[in-house]
Structure formats: structure tokens, C-alpha cells
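One structure coming up, written as C-alpha cells, with questions to follow.
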Number of protein chains: 2
Amino acid sequence: MAGAHTLSETERQVSTLLKGMNIDFKAMAVVSNLFRAASAVRNHLEREILSRHGLSWTGFVVLWVVWVWESIETRTIAEEVGTSKASLTGVLKTLERDGLIIKKQSKIDRRLVLVTLTSDGRRMMKKIFPEFNKEEIFLASFIKPAEQRGVADALRGITVGAKRENLKKN
Amino acid sequence: MAGAHTLSETERQVSTLLKGMNIDFKAMAVVSNLFRAASAVRNHLEREILSRHGLSWTGFVVLWVVWVWESIETRTIAEEVGTSKASLTGVLKTLERDGLIIKKQSKIDRRLVLVTLTSDGRRMMKKIFPEFNKEEIFLASFIKPAEQRGVADALRGITVGAKRENLKKN
DNA sequence: CTTTTTTCATTCGCATCCTAACGAATTGGA
DNA sequence: TCCAATTCGTTAGGATGCGAATGAAAAAAG
């Protein structure tokens, strides 16, 4: 057994291996295709857009969140981006070094750190986001237009459901 | 603007910011919900299952691929898992250190490295995979059963489409 | 008002992740 | 046959990722 496999070959091999193991293949397909899609889409967007601007994937997502909320606490960024606060510290350091964001201690609660875009950061997002959305349109085009809303809603449901179980620290 | 936001609040804020910018919101929703879902599901599975067995996410996926194919070249693992060959080198080193896999040089082409599970590795997968599938069932349950197949197929379509553009090195 | 508990961002140690550069092995064309 | 081009996995260097421990600040308990 060696060499490159197509997606179909893999699926066939899997169903052979697991036959008689009482596995829910439909649920497995949902989860594994979720990760395959996320990985493929992320690679595509990194190569087609982000690399050209010297941005990492997480760096871009953080910029996006800060852009949307104008001023936002780091703990909230971590939650929205889906990373730990520890990881975020490093990413923010990089973004600050590159002059895209600024951190400021909150006057009301001095434990908190508020993040804002610099004018360079805003300029960056204004330029990148339309390009980014063009690629999103391209990627979504592999789903029938009539189904796009349904798929988005289904994914949203999974997100909400999975997070409900995590009333935990990050 | 500060504090925690619900998914709905975020969506409202986004549509306000981008109003008049000629953005395809449907495509944006597909992509952003794809990543939110992948992140939430991954965190859930890491916390509920993998952490207990001392496995990283990627480590588990690599084990899974090797389990499925019994013996497989590293370049193929990298492709199926969706990482670079360089990243895979490190992950394999960890898995080998933990006694879950073995690497062997190919006799036919001495550049190639073939990977196999150890008996510990097989034992691990036999134990973990049913637990893992139970969580997959739980996660998929947030989609109506009748829609699960359709969502999986849609994600599969995106994967194939996004990868078609990447006839590139990894 | 003082002590205890909680909450926050950061640091630490280590695993993962990438691109680029590298050396070894194979392939393919003169 | 020989040598340039390609294809492997690994290394190097830096960014990103985590949980756990840390110290500062705020909140809760007394």
C-alpha cells in the first residue's frame, strides 16, 4: 500500500477497514469533510492572497476582528478567533511589530488590554478584504447557489452546538 | 466597543461595516462559518478525547491515515493530512518517540520513507476511534439527519475545487 | 477594611507549522 | 555514459499553537 490516493480511493479504503465496526459513516463524513474543506480553503487563501501581503492566517483573522469592532479586548479577540490567550499574545506582538495594530491598557480595568488598528492596519484591511471576498465567491461557487445559505447555517449550528459544551477557560 | 459578543452580534456588526462595499455576504458566510465550525469541532474533540490520550490533533490525523493504509509513504501522508512535508517530519518524530509508529526506508527507492503503526499504535487507534466516532455523531446531530449527507457532499465539493487550483509543491 | 478568590495578560517549555535551503537518490536527456 | 534536472525527506529559522505557572489587578467574602 503506497503512493498517492484520490479522495474516492481513501473513502473506499476507509469503508473497507471499518466494515463491521458499527461506525456512523454519515457523521464521520460530515466531520472529516469539514476539516478537509477548511484545510484546502485555508491553503488556497494563504497562497492566493495572504502570502502576498506578508500576513499569516491567524494574523489576518485577528486584524479582521479588530477591524470589525474598532476597539476590542484581547480576551474577546481570543474567543472570536478561536485561539488561546497565550497564542494570541504572540500574534499580537507580530502584528504590533509590523505596525498594523496598537495595544492600550484599559483605564477602567487595568488588567485589560484594548487593541485598535493603526491607519496602516485599516489601509491593509480595506485593500485586502475585497480581494479576499472575491476568492470566497470563487470557493463558494463549488456549492450550488441555492444551497449556500443552507450549508452556512448548518455549519453555524455545529459551531454553536460544539461551543455550548465548552464553558471553559481558553 | 468592548466585551464578549455572540455570533449574532458579530454578524450584525459585520453587515453594518460592509454595507455599500459590494460584498457577497453569502459567500462570506460559507467561508467564515466553515472556519468557525472547524475550530469549534477541533477544540471539542481535542478536549473530550485526544488530550486524555496525549495526542495532538495532527498526531491523531496522521495515525488515522497510517492506520487506514497500513503502510504509506511520508509524501502521501503529508498530502492526505494537508500539511507540508517539513511539518510532517516533526510530527512523525514525536509519534515515533512515543512508540506509535515506525519509519522504514524503501528498498525500491531509497529516497522514500515508509510509515507503519506499531502494535501500540494499532491498539491506540482501535480504542480511540470508536470514542471519536461517538463524538462525531454528537457533533453531526446539530444538523438535521436528512441534511447531513448534503452538507458532507458540499464540503467535499469545496475541497476538490480548492485543491484543483493547487497543483503545487507542499 | 482586610483577606481570599477570581480574572486577566504574559511568560515558559515544548509541539506544530511554514518556506527556503540542503544533500542524497533517481530520472531523463545528450 | 554522464550529467543536468527532478524528486525525496530533513534541517534551519521564525511564527503560531497549547497548557500550566506567574504576577498584577479587581471582585467577593468576611
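Residue numbering restarts at 1 for every chain, and letters A, B, ... go by the order of the sequence lines.
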A:Glu73 CD to C:dT7 C1': how many Å, rounded?
12 Å

Interface polar pairs with nucleotides 24-26 of chain C, N/O, under 3.5 angstrom:
| from | atom 1 | to | atom 2 | distance (Å) |
| --- | --- | --- | --- | --- |
| C:dT26 | OP1 | B:Arg110 | N | 3.2 |
| C:dT26 | OP2 | B:Arg110 | NH2 | 3.4 |

Is B:Arg123 paired with B:Asp120 through a side-chain N to carboxylate O contact shorter than 4.0 Å?
yes

Is A:Thr58 near enough to D:dG17 that one of its side-chain N or O atoms lies under 4.0 angstrom from OP1 or OP2?
yes

Phosphate-side-chain proximity, B:Ser56 and C:dT16, N/O vs OP1/OP2 below 4.0 Å:
yes

Considering all heavy atoms of both residues, which atom of A:Val151 and which atom of B:Ala154 are nearest to each other, and what is their separation?
CG2-CB, 3.8 Å

Value in whole Å for how far the P atom of C:dA15 lies from NE2 of B:His53:
20 Å

Rounded to whole Å, please give me the gap between CG in A:Leu88 and C1' in D:dG19.
16 Å

Assuming nearest nucleotide by heavy-atom distance, tell me which of A:Ser87 and B:Leu112 is located more 5' along DNA chain D.
B:Leu112

Starting from C1' on D:dG17, measure out to CH2 on A:Trp57 and report it in whole angstrom.
16 Å

Provide the closest heavy-atom pair for B:Leu155 versus A:Ala37 in the form atom of the first, atom of the second, distance.
O-CB, 3.7 Å

Grab the CD-C1' distance between B:Glu79 and C:dC17 for me, whole Å please.
18 Å

Only one of A:Val65, A:Val61, A:Val66, A:Val68 passes side chain to side chain contact (heavy atoms under 4.5 Å, CB included) with A:Glu80, and that residue is A:Val65

Report the nucleotide, chosen from C:dC18, C:dA9, D:dC18, that has the shortest atom-to-atom distance to any side-chain atom of A:Ser84.
D:dC18

To the nearest Å, how far apart are B:Glu96 CD and D:dG9 P?
14 Å

To the nearest Å, give me how far apart CD1 (A:Ile77) and P (C:dT10) are.
10 Å

Options D:dG17, D:dG9, C:dT10, nucleotide nearest the side-chain atoms of A:Lys85:
C:dT10

If you compare every side-chain N and O of B:Thr94 against the phosphate oxygens of C:dT16 (OP1, OP2), does one of them come in below 4.0 Å?
yes

OP1 or OP2 of C:dC17 under 4.0 Å from side-chain N/O of B:Lys93
no

A:Ile72 pairs by side chain to side chain contact (heavy atoms under 4.5 Å, CB included) with which of A:Ile77, A:Leu114, A:Val113?
A:Ile77

For atom CG of A:Leu92 and atom C1' of C:dT11, their distance in whole Å
15 Å

Return the CG to NZ distance between B:Leu112 and B:Lys107, rounded to the nearest 0.5 Å.
13.0 Å

Among the candidates C:dA9, D:dA15, D:dT10, find the nucleotide nearest to the side-chain atoms of B:Thr89.
D:dT10

Have a look at A:Arg42 and say if it touches a base, only the backbone sugar-phosphate, or nothing, with a 4.0 Å heavy-atom cut-off.
nothing

For the residue pair B:Ala27 and A:Gln148, what are the closest heavy atoms and their distance?
N-OE1, 4.3 Å

